[in-house]
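To keep things clear, I will list the structure first and then write my remarks on it.
Computed from a prediction, not measured in an experiment: that's the story for all the values here.
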Amino acid sequence: MSWRTQGKSPDYRFSLANERTFLAWIRTALAFMAAAIGIDQLAPEMAPSALRELLVAGLGLTAAVLAWYAWRRWARNERAMRNDAALTYPRLLLWLSYGLVAAFLITLTILILL
């Protein structure tokens with residue numbers, strides 16, 4: 001049985017809020033992807049090739065993980081609302097914050113050293 005038929009339909013306002021949150025995660029993933037493409041295509045002299053490719057790969061992988069996580073989180077929240085269960089805290093936010101700080105520090109270090 002599909003989770004969409006379990007429990008009762010949640011208040012549409014909560015479903016729409018959950019959808020807006022999903023879209024915010026997708027926008028964040030798109031921003032990471034745009035940063036990866038921008039660095040790869042527009043800043044070829046920013047850093048040594050291997051380091052730049054590592055940064056681009058990390059940003060692209062982060063974008064993919066965020067897009068996957070957005071879907072999982074949306075579905076988990078919909079299921080929880082249908083079954084009157086508690087919503088989970090997005091632990092990925094902590095990792096995302098650390099990743100952003102690390103990417104910033106790496107980029108800053110590259111720019112200072114060149």
Side-chain angles (χ1 to χ4, degrees):
M1 175 164 53
S2 172
W3 61 266
R4 292 181 179 111
T5 59
Q6 294 176 357
K8 61 181 178 155
S9 293
D11 186 334
Y12 72 92
R13 294 173 293 178
F14 299 123
S15 288
L16 291 174
N18 191 30
E19 185 176 339
R20 285 190 302 273
T21 303
F22 167 77
L23 293 172
W25 281 94
I26 292 297
R27 282 191 305 272
T28 304
L30 286 171
F32 272 90
M33 186 58 66
I37 292 169
I39 289 171
D40 186 54
Q41 296 297 309
L42 303 175
E45 304 300 322
M46 183 179 113
S49 180
L51 189 55
R52 193 183 81 248
E53 289 176 11
L54 183 65
L55 183 59
V56 167
L59 290 169
L61 183 62
T62 301
V65 168
L66 285 175
W68 170 80
Y69 181 76
W71 169 256
R72 297 248 323 152
R73 186 171 189 272
W74 175 83
R76 191 176 326 125
N77 286 346
E78 283 293 316
R79 187 177 308 115
M81 287 188 296
R82 286 183 163 279
N83 295 313
D84 290 328
L87 301 179
T88 59
Y89 178 77
R91 288 189 170 84
L92 187 66
L93 287 177
L94 185 60
W95 289 101
L96 181 60
S97 299
Y98 289 147
L100 281 172
V101 169
F104 171 75
L105 292 175
I106 290 168
T107 305
L108 184 64
T109 303
I110 290 170
L111 292 175
I112 288 173
L113 293 178
L114 294 177

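For the atom pair L87 CG and R79 CZ, the distance stands at 12.0 Å (nearest 0.5 Å). Rounding to the nearest 0.5 Å gives a distance of 8.0 Å between OG1 of T62 and CG of L96. Taking CD1 of I37 as the start and CG of D40 as the end, the distance is 8.5 Å to the nearest 0.5 Å. Interatomic distance, L16 CG to F14 CZ, rounded to the nearest 0.5 Å: 11.0 Å. Atom CZ of residue F104 and atom OG1 of residue T109 lie 9.0 Å apart, to the nearest 0.5 angstrom. For the atom pair OH (Y12) and CD (E19), the distance works out to 14.0 Å, reported to the nearest 0.5 Å.
Closest approach of A29 and L66 over heavy atoms only: CB-CB, 3.8 Å. Scanning both residues, F32 and A63, for their nearest heavy atoms gives CB-CB, 3.9 Å. Nearest heavy-atom pair across G60 and A36 is N-CB, 3.9 Å. P10 and R82 get closest at one heavy-atom pair: CD-CG, 3.8 Å. In terms of heavy atoms, I26 sits closest to A67 at CD1-CA, 4.0 Å.
Hydrophobic clustering (side-chain heavy atoms under 4.5 Å, transitive across Ile, Leu, Val, Met, Phe, Trp, Tyr) keeps V101 apart from W95. Taken together through direct or relayed side-chain contacts under 4.5 Å among Ile, Leu, Val, Met, Phe, Trp and Tyr, L93 and W68 form part of one hydrophobic cluster. I39 and M33 are members of different hydrophobic clusters when ILVMFWY side chains are connected at heavy-atom separations under 4.5 Å. A continuous path of Ile, Leu, Val, Met, Phe, Trp and Tyr side chains, each step under 4.5 Å between heavy atoms, connects L100 with W25, placing both in one hydrophobic cluster. V56 and I106 fall within a single hydrophobic cluster, where Ile, Leu, Val, Met, Phe, Trp and Tyr are joined by side-chain heavy atoms under 4.5 Å apart, directly or via other members.
Using a 4.5 Å cut-off on side-chain heavy atoms (C-beta onward), F22 and N18 make no contact. With a 4.5 Å cut-off on side-chain heavy atoms, L55 and L59 count as touching. Side-chain atoms of T21 and R73, non-hydrogen and from C-beta on, do get closer than 4.5 Å to each other. The shortest side-chain heavy-atom distance between W74 and L23 does not fall under the 4.5 Å cut-off. Using a 4.5 Å cut-off on side-chain heavy atoms (C-beta onward), M81 and D11 make no contact.
Formation of a donor-acceptor pair under 3.5 Å by the R52 side chain with backbone atoms of P44 is found in this model.
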